[in-house]
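For ligands, and for the atoms within them, numbers begin at 1 and follow the listed sequence. Remember, it's a predicted structure, so these values are computed and weren't measured experimentally.
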Amino acid sequence: MAASTVTLAPGRWALAVHGGAGTIARSTPEAEAPYHAGLRAALAAGQAVLEQGGTALDAVVAAVVALEDCPLFNAGHGAVFTADETHELDAGVMDGSNRAAGALAGVTTLRNPVLGALEVLRDGRCVLMGGALADAWCAARGVAAVAPGYFSTAHRRAQLHAVRARDREATVLDHTGAASQRGTGGETRMGTVGAVALDRHGHLAAATSTGGMTNKRPGRIGDTPIVGAGVFADDATCAVSTTGTGEHFIRGCVAHDVHARIAYGGLALPQAAERAIAGSLAPLGGSGGLVAVDRQGRIAMPFNSAGMYRAWAREGEAAASAVFEPPGRG
Ligand code: ASP
């Protein structure tokens with residue numbers, strides 16, 4: 001894709017976001033428009049940080065906060081339901097400048113799980129926290145909490161009931177009521193969100209946030225908060241945020257796989273990203289995609305699902321080049 005081929009001059013920023021991968025082939029432009037608007041709002045939030053000389057880490061967090069606050073995406077406000085009609089959210093962030101990382105799994109009260117993950121990173125004593133004690137620790141550090149009802153949007157509850165009416169045991173990737181996943185790679189729309197950025201100082205960062213999979217087993221944790229699976233960043237190579245069938249991304253170490261193909265295999269980012277999907281995700285039966293940026297500002301956004309919501313912006317390019325690539329046609 002065109003965005004992969006451009007190398008930025010040093011000192012310029014780059015940013016890419018995603019709103020999940022999945023089946024959108026039958027969507028109309030009218031139905032897609034709010035998703036486009038949500039992605040553009042996230043780009044604007046991250047871009048504002050980068051244009052002021054802020055860090056890639058702060059930019060990806062700002063972008064993901066915007067996506068978590070949008071009820072259309074499966075993260076934060078729009079998180080999907082578990083089989084128990086509850087919400088368990090996962091998020092991870094990584095700073096490529098020092099490979100510091102912070103992540104939360106199965107939190108239930110944080111309005112913006114990515115801000116909790118950032119607190120874990122900043123604290124630095126551990127990388128991954130989970131469950132009610134993680135909620136409490138974050139709240140004590142000032143991360144905003146909400147009542148569980150905040151996450152209970154009507155369309156997500158209808159989605160859960162539709163899935164369970166078809167197959168009580170099925171877990172599906174976000175929305176629209178198509179095939180169950182059950183390890184087959186079959187999927188519907190995935191709404192996990194993420195962002196990757198290169199800042200003017202040459203640093204990379206990545207952030208990913210999700211409600212997981214509709215009707216998931218309570219306690220199930222996906223790839224999103226797992227460093228090397230759902231999120232990864234290293235200034236020497238790239239920053240990566242993934243979306244898709246989480247178990248396959250964990251087993252394929254997909255985010256780290258992009259890094260490894262650059263670091264050890266000498267590939268350029270576009271090839272490394274495409275081969276990670278084709279060579280490490282697809283053979284396991286996995287479905288999904290990723291956004292990635294390298295230290296030259298090249299952006300790659302491959303997927304093997306039927307579509308993926310992605311958008312990107314780069315310094316020095318006209319505002320119109322903050323292109324939204326229509327999902328399923330990219
Ligand atoms: N990767 C997420 C998970 O497995 C789901 C998604 O990307 O929509 O929890």
Side-chain angles (χ1 to χ4, degrees), residues 17-24 35 64 67-68 70 72-76 78-83 86-92 103-108 113-114 117 128 130 151 156 159-160 163 170-196 206-232 240-255 276-277 280-281 284-291 301-310 327:
V17 301
H18 71 82
T23 303
I24 35 59
Y35 294 86
V64 168
L67 292 163
E68 287 178 336
C70 175
L72 295 173
F73 299 104
N74 173 21
V80 298
F81 281 89
T82 70
T86 57
H87 302 276
E88 296 179 0
L89 299 93
D90 303 332
L104 295 174
V107 293
T108 60
V114 74
L128 175 59
F151 304 112
R156 295 296 186 204
Q159 172 188 350
L160 174 72
V163 168
T171 57
V172 305
L173 285 161
D174 200 2
H175 208 199
T176 64
S180 67
Q181 196 240 335
R182 289 196 147 176
T184 63
E187 38 85 1
T188 61
R189 180 174 297 167
M190 313 172 204
T192 289
V193 306
V196 293
T208 313
S209 181
T210 190
M213 294 169 61
T214 297
N215 202 32
K216 69 183 180 181
R217 181 191 307 162
R220 175 263 187 191
I221 295 163
D223 58 318
T224 299
I226 308 297
V227 169
V231 63
F232 191 80
V240 182
S241 172
T242 73
T243 177
T245 53
E247 284 68 19
H248 302 109
F249 278 80
I250 294 172
R251 291 163 55 205
C253 304
V254 174
I277 295 293
S280 296
L281 177 70
L284 299 176
S287 177
L290 60 86
V291 295
M301 298 180 284
F303 58 90
N304 72 347
S305 45
M308 183 171 168
Y309 288 105
R310 300 157 296 159

### Task
Pick whichever of His18, Arg220, Met308, Glu88 has a heavy atom sitting closest to atom 9 (O) of ligand 1.
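It is Arg220 that holds the nearest heavy atom.
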- [ ] Report yes if some heavy atom in the side chain of Pro225 is under 4.5 Å from a heavy atom in the side chain of Leu128; otherwise report no.
- [x]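 Heavy-atom side-chain distance check passes, below 4.5 Å.
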Q. Does a side-chain heavy-atom distance below 4.5 Å link His18 with Phe303?
A.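 SC-SC contact between His18 and Phe303 ruled out.
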Yes or no on salt bridge (Lys or Arg N to Asp or Glu O under 4.0 Å) for Arg220 and Glu247, after CA distance, side-chain angles and deciding distance?
CA-CA 10 Å; Arg220 175 263 187 191; Glu247 284 68 19; 2.8 Å; yes
Does any N or O atom in [X] lie less than 3.5 angstrom from one in ligand 1, N or O only?
{"X": "Gly222", "value": "no"}
{"X": "Asp223", "value": "yes"}
{"X": "Gly244", "value": "yes"}

Within ligand 1, which atoms have a heavy atom of Thr192 less than 4.0 Å away?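 Going through ligand 1 atom by atom, the ones under 4.0 Å from Thr192 are 2 (C), 5 (C), 6 (C), 7 (O), 8 (O).
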Please could you name the atoms of ligand 1 that Thr243 approaches to less than 4.0 Å, counting only its heavy atoms?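 Going through ligand 1 atom by atom, the ones under 4.0 Å from Thr243 are 6 (C), 7 (O), 8 (O).
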At a 4.0 Å cut-off, with the gap strictly under it, does some heavy atom of Gly20 reach an atom of ligand 1?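 For ligand 1, residue contact (heavy atoms, under 4.0 Å) with Gly20 is absent.
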inquiry  = In terms of relative ring orientation, are Phe73 and Tyr309 parallel, tilted or perpendicular, with 30° and 60° separating the classes?
reply    =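 Taking Tyr309 first and then Phe73, their aromatic rings stand perpendicular (interplane angle over 60°).
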Verdict with reasoning, Leu290 to Val254, per side chain to side chain contact (heavy atoms under 4.5 Å, CB included)
CA-CA 9 Å; Leu290 60 86; Val254 174; 4.1 Å; yes
| Judged by modelled atom types alone, do Ser287 and Ser305 share a side-chain donor-acceptor pair under 3.5 Å? |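 Per modelled atom types, Ser287 and Ser305 side chains form no pair under 3.5 Å.
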At under 4.0 Å between heavy atoms, what of His248 touches ligand 1? The answer is neither
